[in-house]
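Read through the structure below, which is laid out as structure tokens, and then see the notes.
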Amino acid sequence: MATTYNSAVLDFRRFGYLAYVYSGTRLELEVLQSRAGFYVGTVRDDMPCSRESNEYYPSNEAALEAMVKDTWTQKVAP
């Protein structure tokens with residue numbers, strides 16, 4: 001018997017994996033900034049919710065390029 005999945009829920013290159021696992025909410029990925037640099041993450045209620053990328057980037061453009069080219073790596077734990 002084949003298992004079917006809701007691809008919208010499992011599209012973790014568009015939605016935050018950690019945000020979904022820990023809050024049960026599908027939040028779109030975007031580039032965020034912290035003191036350490038720019039990263040791929042999610043926002044909830046106008047506040048950062050999760051840092052999804054292992055990497056920090058030196059600029060918004062570099063982080064956005066990593067998202068577009070799919071060269072960032074997903075964190076598996078907060």
Side-chain angles (χ1 to χ4, degrees):
M1 175 184 235
T3 303
T4 59
Y5 298 98
N6 181 341
S7 62
V9 171
L10 296 175
D11 186 3
F12 293 121
R13 296 319 258 182
R14 181 173 172 208
F15 299 101
Y17 167 77
L18 295 174
Y20 183 75
V21 168
Y22 290 96
S23 74
T25 307
R26 286 188 321 142
L27 301 173
E28 288 205 43
L29 296 175
E30 52 190 280
V31 174
L32 302 173
Q33 183 180 14
S34 71
R35 290 183 196 183
F38 295 85
Y39 61 94
V40 177
T42 63
V43 172
R44 184 176 188 177
D45 300 326
D46 295 322
M47 298 291 294
C49 178
S50 65
R51 179 169 68 96
E52 301 287 334
S53 64
N54 282 306
E55 303 83 7
Y56 283 104
Y57 299 91
S59 68
N60 184 69
E61 292 78 15
L64 187 57
E65 182 177 340
M67 281 183 63
V68 169
K69 292 184 177 180
D70 197 24
T71 57
W72 63 279
T73 57
Q74 175 69 55
K75 287 178 57 118
V76 295

Given side-chain contact (heavy atoms from CB on, under 4.5 Å), test Asn60 with Gln33 step by step and report yes or no.
CA-CA 8 Å; Asn60 184 69; Gln33 183 180 14; over 6 Å; no
In chain order, what residues pass the salt bridge (Lys or Arg N to Asp or Glu O under 4.0 Å) check against Glu65, with sequence neighbours excluded?
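Only Lys69 meet the salt bridge (Lys or Arg N to Asp or Glu O under 4.0 Å) criterion with Glu65.
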Any residue meeting salt bridge (Lys or Arg N to Asp or Glu O under 4.0 Å) with Glu28, in chain and number order, not counting sequence neighbours:
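If we apply the salt bridge (Lys or Arg N to Asp or Glu O under 4.0 Å) test to Glu28, skipping adjacent residues, the hits are Arg14.
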Distance-minimising heavy-atom pair for Tyr22 and Pro78:
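Where Tyr22 meets Pro78 most closely, the heavy atoms are OH-CD, 3.4 Å.
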Does the side chain of Phe15 reach to within under 4.5 Å of the side chain of Thr25, using non-hydrogen atoms?
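No, too far: nothing below the 4.5 Å cut-off.
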For residues 37-52, please give each side-chain donor-acceptor pair under 3.5 Å, one per line with the distance, not counting sequence neighbours.
unit_1, atom_1, unit_2, atom_2, d
Thr42, OG1, Ser50, N, 3.2
Thr42, OG1, Ser50, OG, 2.6
Ser50, OG, Glu52, OE2, 2.5
Arg51, NE, Tyr56, OH, 3.1
Arg51, NH1, Ser53, O, 2.8
Arg51, NH1, Asn54, O, 3.2
Glu52, OE1, Tyr17, N, 3.0
Glu52, OE1, Leu18, N, 3.0
Glu52, OE1, Gln74, NE2, 2.7
Glu52, OE2, Leu18, N, 3.2
Glu52, OE2, Ala19, N, 3.1

Would you kindly confirm whether Leu29 and Tyr57 end up in one hydrophobic cluster when ILVMFWY residues are joined by side chain heavy atoms under 4.5 Å apart?
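Same cluster.
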